[in-house]
Amino acid sequence: MALYAAAAAVLAGVESRQGSIKGLVYSSGFQNVKPLYALVCETRRYSAVLDAVIASAGLLRAEKKLRPHLAKVLVYELLLGKGFRGGGGRWKPVLGRHQARLKAELARLKVHRGVSRNEDLLEVESRPGSASQVPRFVRVNTLKTCCDDVVDYFKRQGFSYQGRASSLDDLRALKGKHFLLDPLLPELLVFPAQTDLHEHPLYQAGHFILQDKASCLPAMLLAAPPGSHVIDACAAPGNKTSHLAALLKNQGKIFAFDLDAKRLASMATLLARAGVSCCELAEEDFLAVSPSDPRYRQVRYILLDPSCSGSGMLTRQLEEPGAGTPSKERLRALAGFQQRALCHALTFPSLQRLVYSTCSLCQEENEDVVRDALQQNPGAFRLVPVLPSWPHRGLGTFPGAEHCLRASPETTFTGGFFIAVIERVEVPSSVSQAEALARDLTPSPAPKRKKRRRKAAAGASTSLGT
Ligand code: SAM
């Protein structure tokens with residue numbers, strides 16, 4: 001594969017959270033990994049600038065066959081890199097046609113921002129509170145180790161442990177080789193923003209997970225005790241599932257669904273590495289999972305983290321303001337799915353508590369979805385007020401919306417996120433009936449399953465769905 005196509009594939013993989021740059025570079029099959037790694041890192045560093053230039057030059061509108069990630073890599077090489085050292089192939093003459101316009105747009109951007117050098121365009125991203133300053137959060141995987149052991153390991157490696165942070169300001173002030181314990185989450189270590197731990201032996205061994213603090217809240221707020229049966233409705237690539245399993249101490253059961261076989265395959269690897277043994281993965285549309293299936297009779301907890309626009313993701317926020325905003329049509333389609341998924345989840349008969357989360361900043365995917373689902377089930381469910389000290393709350397678009405949580409680099413020093421915790425108002429009689437049934441039932445042969453299922457356990461293969 002040519003250098004530029006390989007770099008575009010790695011960029012796409014990183015943005016869809018399939019893995020780290022290093023991991024994807026090594027698994028790309030590209031022989032000369034060093035220039036590939038450097039090109040991807042540099043292209044990502046200038047991602048916001050490149051997006052702005054490409055958009056204002058109208059490159060993708062003019063060249064419909066040019067995919068966005070490849071365009072970014074090629075424009076990086078043309079304007080900021082070393083010219084087309086990797087060949088450029090059939091795209092070289094195409095980019096040549098747009099060269100003057102692209103250069104003019106870059107020059108215009110510099111004038112607009114009052115800078116003269118390309119590197120100065122990056123400065124805006126290193127201001128405190130910007131997305132690139134969000135710390136590196138390390139969730140200790142308590143299925144494999146404990147916080148003290150991980151802290152000791154880092155100390156032996158020359159890091160300096162500062163104890164539990166008392167406020168977000170402590171996190172903001174983190175520098176060099178210092179690290180802290182998060183003030184809110186008990187097993188979350190915090191390192192300075194640029195700390196790269198993807199190659200760390202403890203990460204490779206599944207002793208910690210690199211997971212943004214906001215993304216650790218859904219499993220924590222679901223508060224399912226060990227032994228519970230839980231559905232993770234849209235589960236891949238599985239960070240929240242592995243967190244759920246750790247909180248359950250691998251006791252009980254997680255039914256994890258996802259439609260995407262590739263993402264489920266990475267998830268199986270992630271769960272095996274994290275020592276998760278209480279999870280059953282299924283390549284299945286959550287909307288088609290039957291709430292009356294006896295397998296889910298004891299499911300009292302559901303985590304619903306559906307596909308969303310990702311407008312709160314740090315990678316998107318690093319781009320030009322507005323670049324991550326989805327079109328009206330896409331937003332309508334996403335919100336429609338989120339709405340259906342939430343209403344479907346609320347029909348599980350034993351459900352007591354549900355966490356709905358997205359990494360979107362759009363009201364349509366967040367407060368509006370929650371409001372509509374509650375309106376469709378009048379009096380049956382309520383929003384639970386959680387984390388009263390959390391500074392960023394849901395938009396006040398309906399009474400009680402302030403019980404929801406929002407997160408952003410500026411307010412909570414995390415990625416952009418939305419979380420709502422929903423609880424059943426009264427335990428329906430069907431729960432006790434279901435429980436009685438569950439106790440009395442003698443094991444019956446498992447019903448025929450339409451889709452592939454697999455229990456995730458240490459050593460599970462990565463080939464689910466293939
Ligand atoms: N909870 C995951 C985590 O923490 O790693 C991230 C989930 S991601 C935001 C949304 C996932 O929903 C994607 O993997 C997508 O394939 C999956 N998905 C989309 N539609 C679905 C459906 N109808 N049923 C099940 N999964 C679905």
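Start at 1 and go down the list; that is how both ligands and their atoms are numbered.
Counting heavy atoms under 4.0 Å from ligand 1, residue K240 touches it through both backbone and side chain. Only the backbone of P306 comes within 4.0 Å of ligand 1, judged by heavy-atom distances. Proximity of A235 to ligand 1, defined as any heavy-atom pair under 4.0 Å, is confined to the backbone N, CA, C and O atoms. Residue contacts with ligand 1, taken as heavy atom pairs separated by less than 4.0 Å, involve A233 solely via the backbone atoms N, CA, C and O. With a heavy-atom cut-off of 4.0 Å, E284 touches ligand 1 through its backbone alone.
Of all the atoms in ligand 1, the ones that sit under 4.0 Å from a non-hydrogen atom of D260 are 16 (O). Residue D285 approaches ligand 1 through these ligand atoms, each under 4.0 Å from one of its heavy atoms: 22 (C), 23 (N), 24 (N). Close contacts between ligand 1 and G238 involve ligand atoms 3 (C), 5 (O) [criterion: under 4.0 Å to a heavy atom]. In summary, the atoms of ligand 1 found under 4.0 Å from a heavy atom of P237, numbered by their order in the structure, are 5 (O), 6 (C).
For ligand 1, the polar-atom distance check against C234 finds a nitrogen or oxygen pair separated by under 3.5 Å.
Salt bridge status for D51 with K72: present, with a side-chain N to carboxylate O gap under 4.0 Å. Note on K262 versus D260: no salt bridge recorded, every NZ/NE/NH1/NH2 to OD/OE distance being 4.0 Å or above. Contact check on E187 versus R139 returns no salt bridge, with no Lys/Arg side-chain nitrogen under 4.0 Å from an Asp/Glu carboxylate oxygen.
Nearest-residue assignment for atom 16 (O) of ligand 1 (options D258, L270, L259; heavy-atom criterion): D258. The closest heavy-atom contact to atom 10 (C) of ligand 1, among the options D305, V289, L287, D232, comes from D305.
H198 has its ring centre less than 6.0 Å from the ring centre of Y203. Separation of the H344 and F286 ring centroids falls under the 6.0 Å cut-off. In summary, the aromatic rings of F154 and F191 are positioned with their centroids under 6.0 Å apart.
The two residues R406 and R393 make their nearest non-hydrogen contact at CD-O, 3.7 Å.
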For residues 333-342, dump all side-chain donor-acceptor pairs below 3.5 Å to protein atoms at least two apart in sequence or in another chain.
{"residue": "Q338", "atom": "NE2", "partner": "S307", "partner atom": "O", "Å": "3.0"}
{"residue": "Q338", "atom": "NE2", "partner": "E365", "partner atom": "OE1", "Å": "3.0"}
{"residue": "R340", "atom": "NH1", "partner": "G336", "partner atom": "O", "Å": "3.4"}

